[in-house]
Amino acid sequence: MLHLNRCQHLKQITQRCFPSMHVKMDKHAQLFLSRPFALAELRKSWRSISSLMGDKNIVLMGPPGAGKTTVGRIIGQKLGCCVIDVDDDILEKTWNMSVSEKLQDVGNEQFLEEEGRAVLNLSASGSVISLTGSNPMHDGSMWHLKKNGIIVYLDVPLIDIVGRLKLMKIDRIVGQNSGTSMKDLLKFRRQYYKKWYDTRVFCESGASPEEVADKVLNAVKRYQDVDSETFISTRHIWPKDCEQKVPTKFFSDAVIEGLASDGGLFVPEKEFPKLNWREWKSLVGATYIERAQILLEKCIHPADIPPAKLGEMIETAYGENFACSKIAPVRHLSGNQFILELFHGPTGSFKDLSLQLMPHIFAHCIPPSCNYMILVATSGDTGSAVLNGFSRLNNNDKQRIAVATFFPENGVSEFQKAQIIGNQQENGWAVGVKSDFDFCQTSIKRIFKDSDFTGFLTVEYGTVLSSANSINWGRLLPQVVYHASAYLDLVSQGFISFGSPVDVCIPTGNFGNILAAVYAKMMGIPIRKFICASNQNHVLTDFIKTGHYDLRERKLAQTFSPAIDILKSSNLERHLHLMANKDGQLMTRLFNQLEEQHHFQIEKILVEKLQQDFAADWCSEGECLAAIHSTYNTSGYILDPHTAVAKVVADRMQDKTCPVIVSSTAHYSKFAPTIMQALKIKEINQTSSSQVYLLSSYNALPPPHAALLERTKQPEKMEYQVCAADVSVLKSHVEKLVQNQFMCNACSSWKHWQDNKGCQPSFLSQKF
């Protein structure tokens with residue numbers, strides 16, 4: 001590593017990041033082990049919130065017809081507290097006339113202003129307050145209510161609202177002008193509800209007021225219990241009464257730290273939240289963004305990310321950067337097979353579905369005054385996706401978050417390499433490693449576990465390391481959404497009725513994608529079998545069939561499907577931990593044995609448990625090419641090599657008694673030479689860009705990927721760094737990147753460092 005003098009301004013960076021800590025230089029590694037200061041302060045302030053019957057008001061918000069008044073009365077009876085209906089108890093008493101008369105008298109704009117002024121005079125504590133449908137359109141009154149209240153959004157399906165308003169003979173509401181339908185106005189109002197709520201109650205169709213009231217009380221209880229949703233390491237050993245307990249970890253900690261300090265992976269201590277069948281049915285007609293917000297709100301405590309902020313992130317992540325408005329559409333291929341298209345994001349792979357969102361989550365969770373260097377190992381698609389995702393942060397966040405992605409120099413396709421290198425931005429770099437993906441991934445884990453090195457970076461540069469691979473919970477969690485959404489789309493399109501089982505077949509390397517499907521099932525999606533599809537590197541298939549994970553004398557083969565050219569599958573540890581009833585001691589023993597002896601065997605009872613839900617097989621290179629060729633000939637659809645691997649295995653393993661959803665993890669344009677070989681196209685010795693353009697002229701399905709076509713227009717020569725397969729060399733690169741990124745940013749305000757040009761990366765010596 002580079003050794004710089006520990007000058008005063010570097011120590012001041014550390015003090016700025018950790019103002020409340022007194023650090024000894026020989027214990028610098030402890031700096032980052034505690035919870036983020038800002039989040040700790042937030043949680044501390046929330047602990048002062050009193051019980052449900054204390055000083056805080058429960059404020060019910062929602063559209064007219066949501067049942068706020070009725071639900072409020074039921075809650076008041078349950079809690080024995082005062083109930084205030086804004087319509088009856090505030091507005092009509094203030095105005096001495098009915099609300100409808102007032103609206104007719106003054107018109108929409110004046111009504112909203114006078115309504116807001118009346119609410120500003122409300123003073124209450126320990127009460128249940130039922131708002132009008134238009135209260136959230138007045139900022140001043142909502143800030144007033146929010147100061148001493150927990151705002152609960154009653155999210156009732158639009159079709160139910162319209163039906164109730166018809167029964168109530170309400171044909172006009174505030175803001176409705178001639179020519180505006182009730183339905184359109186209610187949709188318009190949602191933006192105001194989403195702006196203010198602290199917690200949402202998802203009211204499925206047909207839910208009774210009593211059921212909604214119980215949901216409100218549970219939501220408020222969850223909101224107040226800020227320490228209820230904790231995370232543990234897969235290698236966590238439950239302490240005895242006399243032993244010291246490990247520090248509590250929350251969602252934000254899991255996102256920031258990436259890898260647990262004991263080498264394990266973070267998982268929720270409790271079970272995944274589960275939706276009932278009526279809640280799922282209410283999501284059938286929802287958009288991808290709406291589904292994502294409902295599901296992720298249930299998995300992320302509002303103390304970590306407030307729902308309104310999470311909604312902003314989701315809308316930013318899944319917007320115009322996706323070529324398809326459905327984000328992850330499902331297409332019928334043939335027979336009982338359906339393709340889940342996960343390649344419509346800006347880099348053309350399924351990694352975009354999480355890596356367009358995860359950077360925003362990460363930026364929100366980290367302390368505001370510290371620098372973070374994200375280390376990523378990629379087998380092909382992750383590299384470009386993570387660089388692209390973090391480059392979309394706002395300028396302030398890009399000043400404090402940087403990315404270094406390490407890829408096997410000769411282990412990705414030419415187009416993937418061009419994509420990775422071409423996505424380098426001012427806060428992200430690519431480094432080719434003269435080894436395979438397993439070496440890159442193992443090296444990054446070793447760097448994280450090296451407390452001397454990580455502590456040195458923290459103290460010397462005020463910089464903390466983290467990850468964006470699927471070992472990071474913030475990266476894995478968003479993938480649950482698209483598996484759930486695919487099932488709901490099949491219901492919406494009429495292929496199945498809700499409750500009917502489906503199988504999923506997923507090309508699998510690091511086990512994250514298929515594990516996300518397992519979590520979707522835990523949330524209530526009726527997936528029958530998880531079919532694990534491997535290429536010639538079929539260690540996972542062998543493990544699922546035998547329970548023996550054996551890397552001895554097994555050499556990584558380079559295949560047409562490089563993203564699953566993986567032998568050490570990180571996320572398998574999470575699933576084994578789940579199957580073994582969270583036995584951290586067993587996980588420690590198994591994965592230490594894998595590291596030291598290169599194999600482990602699980603007990604027969606665990607093998608049987610695994611095989612209840614999982615099936616697995618593998619596909620040869622010839623079978624992969626043949627599947628691409630035959631599918632195109634029969635349906636005009638071009639599969640990428642990874643999807644072809646999954647189709648071969650699905651054809652072989654699935655019994656056709658229910659639909660099977662095949663995950664299409666990348667657009668075929670990324671693997672043009674392989675596709676041209678499979679389709680027997682003679683012009684195979686062209687440049688990568690010309691091959692992509694040639695394939696786009698075939699008018700096949702799916703259509704050409706505009707962002708990938710644009711990528712081919714980049715200059716041929718792009719700078720990047722190549723390094724030897726040596727962990728110490730990787731550490732040196734990490735430190736250089738930290739210097740180039742953060743010392744320039746950190747020192748721009750110091751008088752003695754005037755020339756920022758000296759901070760530009762000088763080591764990007766290779767060209768592609």
Side-chain angles (χ1 to χ4, degrees), residues 155-164 183 200-208 211-212 215 271-299 324-342 353 479-506 513-514 516-531 612-615 635 637 646-647 650-651 653-664:
D155 187 2
V156 180
L158 192 59
I159 190 171
D160 285 18
I161 293 293
V162 173
R164 292 175 189 178
K183 188 174 182 180
R200 180 204 306 251
V201 169
F202 185 45
C203 308
E204 68 272 21
S205 292
S208 69
E211 289 174 316
V212 175
K215 283 191 168 190
E271 296 295 324
F272 255 79
K274 192 165 186 176
L275 280 70
N276 63 48
W277 68 273
R278 289 189 305 181
E279 290 175 321
W280 281 118
K281 287 188 73 173
S282 295
L283 287 174
V284 168
T287 65
Y288 189 90
I289 287 176
E290 291 167 342
R291 292 167 181 171
Q293 181 142 14
I294 293 291
L295 298 180
L296 294 179
E297 277 181 24
K298 289 183 176 292
C299 298
C324 177
S325 61
K326 292 184 177 179
I327 309 302
V330 177
R331 187 189 297 269
H332 182 231
L333 187 62
S334 62
N336 71 324
Q337 288 188 354
F338 297 83
I339 295 289
L340 171 55
E341 294 183 345
L342 299 174
L353 273 296
Q479 295 179 246
V480 178
V481 176
Y482 60 70
H483 288 296
S485 185
Y487 182 87
L488 295 172
D489 281 349
L490 287 188
V491 176
S492 176
Q493 295 167 23
F495 289 107
I496 57 173
S497 58
F498 190 87
S500 301
V502 297
D503 293 340
V504 295
C505 185
I506 301 172
N513 199 350
I514 202 165
V518 172
Y519 292 150
K521 180 176 183 177
M522 292 172 68
M523 294 189 78
I525 294 295
I527 299 173
R528 185 184 65 166
K529 278 283 186 183
F530 305 95
I531 304 173
Q612 285 175 4
D613 293 323
F614 277 77
S635 65
Y637 194 95
K647 180 169 176 17
D651 288 341
M653 301 294 294
Q654 214 263 343
D655 60 13
K656 296 181 173 57
T657 59
C658 73
V660 56
I661 301 173
V662 177
S663 287
S664 182

Minimum heavy-atom distance D160-G206, with the two atoms named:
OD2-N, 3.6 Å

Are any of the side-chain heavy atoms of V660 and M653 separated by less than 4.5 Å?
no

With a 4.5 Å limit on heavy-atom distance, are the side chains of F498 and L283 in contact?
no

Non-hydrogen side-chain atoms of N276 and E204 separated by less than 4.5 Å
yes

Kindly indicate whether the side chain of P659, heavy atoms from C-beta on, has any atom under 4.5 Å from the side chain of F495.
no

Steps toward side chain to side chain contact (heavy atoms under 4.5 Å, CB included) verdict (R200, I294):
CA-CA 9 Å; R200 180 204 306 251; I294 293 291; 3.4 Å; yes

With rounding to the nearest 0.5 angstrom, report the CZ to CD distance, F202 to E297.
10.5 Å

With no hydrogens and no angle check, is any side-chain donor or acceptor of K529 less than 3.5 Å from a backbone partner on V502?
no

For E341 and R331, run salt bridge (charged side-chain N to carboxylate O under 4.0 Å, His left out): C-alpha distance rounded to whole Å, both residues' side-chain angles, the deciding distance at 0.1 Å, then the answer.
CA-CA 7 Å; E341 294 183 345; R331 187 189 297 269; 2.8 Å; yes

Side chain to side chain contact (heavy atoms under 4.5 Å, CB included) for L490 and I661? Distances and angles first, verdict last.
CA-CA 10 Å; L490 287 188; I661 301 173; 3.8 Å; yes

Verdict with supporting geometry, I496 and Y487, side chain to side chain contact (heavy atoms under 4.5 Å, CB included):
CA-CA 9 Å; I496 57 173; Y487 182 87; 3.4 Å; yes

I need the T657 OG1 to D655 CG distance, nearest 0.5 Å.
3.5 Å

Interatomic distance, I161 atom CD1 to K183 atom NZ [nearest 0.5 angstrom]:
13.0 Å

Considering all heavy atoms of both residues, which atom of C299 and which atom of M523 are nearest to each other, and what is their separation?
SG-CE, 3.9 Å

Flag yes if more than 12 heavy atoms outside K326 fall under 6.0 Å of its NZ atom; otherwise flag no.
no

Could you report the tightest heavy-atom contact between C203 and P157, atom names first, then the distance?
O-CD, 2.8 Å

Q337 (side chain) donor-acceptor with S334 (main chain) under 3.5 angstrom:
no

Nearest-0.5 Å distance that lies between atom CD1 in I525 and atom CH2 in W280
4.0 Å

Does the side chain of I327 come within less than 4.5 Å of Y482's, by heavy atoms?
no

With a 4.5 Å heavy-atom cut-off, do S205 and R278 have their side chains touching?
no

Hey, are the side chains of S663 and V504 touching, using non-hydrogen atoms and a 4.5 Å cut-off?
no

Out of curiosity, Y637 OH to K647 NZ, how far, rounded to the nearest 0.5 Å?
12.0 Å

Tell me the closest heavy-atom pair linking S208 and E211, and the distance in Å.
N-OE1, 2.8 Å

Under the salt bridge (Lys or Arg N to Asp or Glu O under 4.0 Å) definition, can you give me all pairs with a residue in residues 482-495, not counting sequence neighbours?
R291-D489

One pair to check against side chain to side chain contact (heavy atoms under 4.5 Å, CB included): K521 and V518. What are the steps and the verdict?
CA-CA 5 Å; K521 180 176 183 177; V518 172; 5.7 Å; no

Closest non-hydrogen atom pair between A517 and I527, with its separation:
O-CD1, 3.6 Å

Could you check if a side-chain atom of D155 sits within less than 4.5 angstrom of a side-chain atom of Q293, using non-hydrogen atoms only?
no

Is the backbone of V481 close enough, under 3.5 Å, to the side chain of Y519 for a donor and an acceptor to pair up by distance?
no

Hey, could you give me the CG/CD1 distance between L342 and I506, rounded to the nearest 0.5 Å?
9.0 Å

On a heavy-atom basis, which atom in V662 and which in A646 lie closest, and how many Å separate them?
CG1-CB, 3.6 Å

Keeping Q654 on the side-chain end and C658 on the backbone end, is there a donor-acceptor pair under 3.5 Å?
yes

